[in-house]
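Below is one structure, written out as structure tokens; comments come after it.
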Number of protein chains: 2
Amino acid sequence: MRLVVARCQVDYAGRLSAHLPMATRVLMLKADGSVLVHSDGGSYKPLNWMSPPCTVKEGTADDGRAEWVVTSKTDDTLRILIEEILHDTSHDLGVDPGLQKDGVEKHLQELLADHPATIADGLTLVRREYPTAIGPVDLMCRDADGFSVAVEIKRRGEIDGVEQLTRYLELLNREPLLTTKGPVRGIFAAQEIKPQARVLAEDRGIACALVDYDALRGLDDPTERLF
Amino acid sequence: MRLVVARCQVDYAGRLSAHLPMATRVLMLKADGSVLVHSDGGSYKPLNWMSPPCTVKEGTADDGRAEWVVTSKTDDTLRILIEEILHDTSHDLGVDPGLQKDGVEKHLQELLADHPATIADGLTLVRREYPTAIGPVDLMCRDADGFSVAVEIKRRGEIDGVEQLTRYLELLNREPLLTTKGPVRGIFAAQEIKPQARVLAEDRGIACALVDYDALRGLDDPTERLF
DNA sequence: GTCTCGATCTCGCTT
DNA sequence: AAGCGAGGTCGAGAC
């Protein structure tokens, strides 16, 4: 890992063209050849970058200034024209052990699979990831009256999720095994449901269920937590 | 901008929980208080981070080791436990003039608006960003037979885009002015169309059109290019 | 402010 | 390897 602070101008040509005027920035050169150009703001996304695999060639422009050219296999190029280097250090970081995550949609699905009644009273699980021709339904359940219930789970419930569940319901309602009692019901379960998504769901006869993630976690054995 | 290389352990708690075991990493502390934790690999995304607005508090853990705690307004916290600092420098970067881009979907739309016949023979433009209740249609056109044609443009055509166009068509077909000759036709135009999107489009009676961006650029005056 | 949609998205998993 | 869905998405533009 090499860290460089320099006055530089950056031009990218690849899937699009992008240009950064001359200014002082941080250049992060990673061991795999990738380069990140960061400024003192924005969020974690660099102003410009080149993803690995790629190679850096340090050369000289026509006017004698230093120019680094980063090229990828796919002919993308990042040209860094350097006017002045203010800082330049290299560091051996070793291999990173990597990130452990907990709490994304998959986990939400696991928790709801264990406690389906929190979605709607009397709901019992038939199976998770119930397969259809266009992809698996998150939870297939049955309600107290014996109706089949397809549950789509999202962290944030938006219009796309309702569309997805609608497509599933269309297919599921063609399966005689699921519709013995009547049409398959749909429930859209999310930690947060956007107004437009709620309107669309109601329009399609789909129920909405707000999920309380913290309460669900509380139902589980606390010793099962990751760290 | 402060650059720190340190042996550290990082824990994030917010919308999810994430943990990084002790290892040597680069910590980038930006002027707005945001923090990025980078390793010597991956692409531009940090292993862990805190987005602004947030504040860093440098303190000491129970065992005497340094601990930096980064907190956001929304109660997200990033704890960095530091075992050893290998490098620590600060730099004044000033304000960045920012990035200029060229070649994104907007340009594709501009080019296709100028040359609608490249989407389908005989197509003429009625207007760009034709408004509907749920958002604007990219291009509203008319074909040689006088039928209205709604065009949705994507760089990469996926299933969401077909859904979007379907919703538009549903609304447009309620407008008598557009349906004098018959129902509004839909065309899904993209540089690349995923198989599932193509199948869904066909199922909905929506035509697909592959767009050749470079050929379109060639139709335009080359002196108009940005850089 | 909120909401919507694109992205050199990135990342991870499945086929 | 390619496709597809999710993201602590981020970011820009519209309303």
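Excluded from the calculations below are hydrogen atoms, water molecules and symmetry mates; all remaining heavy atoms, backbone and side chain alike, are included. By convention in this document, chain letters (A, B, ...) are assigned in the order of the sequence lines, proteins followed by strands, and residues within each chain are numbered from 1.
- For B:Pro195, the side-chain atoms get nearest to D:dC4 when compared with the rest of D:dG11, C:dC9, D:dC4.
- The side chain of B:Arg155 contributes an N or O atom lying less than 4.0 Å from OP1 or OP2 of C:dA7.
- In this structure, the nucleotide among D:dC4, C:dC9, C:dC11 sitting nearest to the side chain of B:Gln196 is D:dC4.
- A residue-by-residue look at B:Val104 and B:Lys45 shows that B:Val104 has its nearest nucleotide of DNA chain C further toward the 5' end.
- Contact annotation: A:Lys154 reaches the phosphate of D:dA6 (side-chain N/O to OP1 or OP2, under 4.0 Å).
- Of the listed nucleotides (C:dA7, C:dT10, C:dC5), C:dC5 has the atom at the smallest distance from the side chain of B:Gln164.
- Under the 4.0 Å criterion applied to side-chain N and carboxylate O atoms, A:Lys194 and A:Glu158 are assigned as salt-bridge partners.
- A salt bridge is absent between A:Glu129 and A:Arg127: the closest approach of a Lys/Arg side-chain nitrogen to an acidic carboxylate oxygen does not fall below 4.0 angstrom.
- Nearest-nucleotide positions on DNA chain C place A:Ile159 closer to the 5' end than the other of B:Pro46 and A:Ile159.
- Within 4.0 Å (heavy atoms only), B:Glu158 reaches no atom of the nucleic acid at all.
- Taking side-chain N and O atoms only, A:Arg15 has a distance below 4.0 Å to OP1 or OP2 of C:dC9.
- Ion pair A:Lys154/A:Glu152 flagged as a salt bridge, since at least one NZ, NE, NH1 or NH2 atom sits closer than 4.0 Å to an Asp/Glu carboxylate oxygen.
- Classification of B:Arg2 and B:Glu58 as a salt-bridged pair holds, one side-chain N sitting under 4.0 Å from a carboxylate O.
- Nucleotides of DNA chain D nearest to B:Leu47 and B:Glu192 differ in position, and the one nearer the 5' end is that of B:Glu192.
- Heavy-atom distances to DNA chain D give each of B:Lys194 and B:Leu78 a nearest nucleotide, and the one nearer the 5′ end belongs to B:Lys194.
- If you check every strand for non-hydrogen atoms under 4.0 Å, B:Met50 touches a base.
- Between B:Asp96 and A:Arg25 a salt bridge is recorded (basic side-chain N to carboxylate O distance below 4.0 Å).
- Looking at the side chain of A:Ser43, the nearest of the listed nucleotides D:dA6, C:dT10, D:dG11 is D:dG11.
- Heavy atoms of A:Ser51 sit under 4.0 angstrom from primed sugar atoms or phosphate atoms, though from no base atom.
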